[in-house]
Amino acid sequence: KKQHAAAVIHWEQVAEMRSLEPNGLINLARAQIQAHQPAAAVKTIAQLQNTTWPSRFESKVRDSLRELRRLKLAPGPA
């Protein structure tokens, strides 16, 4: 669990420093889902979805949003 919390902090910093590309937000949302922070993940996914990205990122963002929604809806470990 500490790993997931550390990953969230790391990806928050990456998303802030590299705000012109979506990878930071994509990985932040993934880390938030793994850290059982669904409200934060929803907010990050919304930010990812509502940002206008350069065209070269369109397919990556679209595919990542699909994956993140699937992860968010998947049942976690028991």
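Nothing fancy with the numbering, it's 1 onward along the sequence. Side chains included, hydrogens not; waters and symmetry mates left out as well; all remaining heavy atoms used.
- Contacts of E21 classified as side chain to side chain donor-acceptor pair (under 3.5 Å), with partners at least two apart in sequence or in another chain: R18.
- From I33, atom CD1 reaches atom OG1 of T44 across 9.0 Å, with rounding to the nearest 0.5 Å.
- With sequence neighbours excluded, the residues forming a side-chain contact (heavy atoms from CB on, under 4.5 Å) with H10 are V14, listed by chain and number.
- By the criterion of side-chain heavy atoms lying less than 4.5 angstrom apart, applied directly or through intervening Ile, Leu, Val, Met, Phe, Trp or Tyr residues, V61 is not grouped with V42; the two fall into different hydrophobic clusters.
- Residues passing the side chain to side chain donor-acceptor pair (under 3.5 Å) test with R69 are Q49, sequence neighbours excluded.
- Shown here are the side-chain contact (heavy atoms from CB on, under 4.5 Å) partners of R56, two or more places apart in sequence or in another chain: P54.
- Side-chain contact between L25 and W53: present, with at least one pair of heavy atoms (C-beta onward) separated by less than 4.5 Å.
- Considering only residues two or more places apart in sequence or on other chains, R70 meets the side chain to side chain donor-acceptor pair (under 3.5 Å) condition with none of them.
- Residues A29 and A41 share a closest heavy-atom pair of O-CB, 4.1 Å.
- Clustering ILVMFWY residues whenever any of their side-chain heavy atoms sit less than 4.5 angstrom apart, transitively, puts I9 in a cluster other than the one holding I26.
- Under the rule for a side-chain contact (heavy atoms from CB on, under 4.5 Å), S19 has no partner lying at least two apart in sequence or in another chain.
- Legend: salt bridge (charged side-chain N to carboxylate O under 4.0 Å, His left out) pairs involving residues 5-17, not counting sequence neighbours: none detected.
- Residues L68 and L48 have side chains in contact (heavy-atom distance under 4.5 Å, counting atoms from C-beta outward).
- In terms of heavy-atom proximity, A15 sits nearest to G24 at CB-C, 3.8 Å.
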Margin query: Does T51 form a side chain to side chain contact (heavy atoms under 4.5 Å, CB included) with Q47? I'd like the steps, not just the answer.
Written below: CA-CA 6 Å; T51 300; Q47 183 180 354; 4.1 Å; yes

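- Note on residues 28-43: pairs passing salt bridge (charged side-chain N to carboxylate O under 4.0 Å, His left out), not counting sequence neighbours, are R30-E67.
- In this structure N23 satisfies the side chain to side chain donor-acceptor pair (under 3.5 Å) test with no other residue, sequence neighbours excluded.
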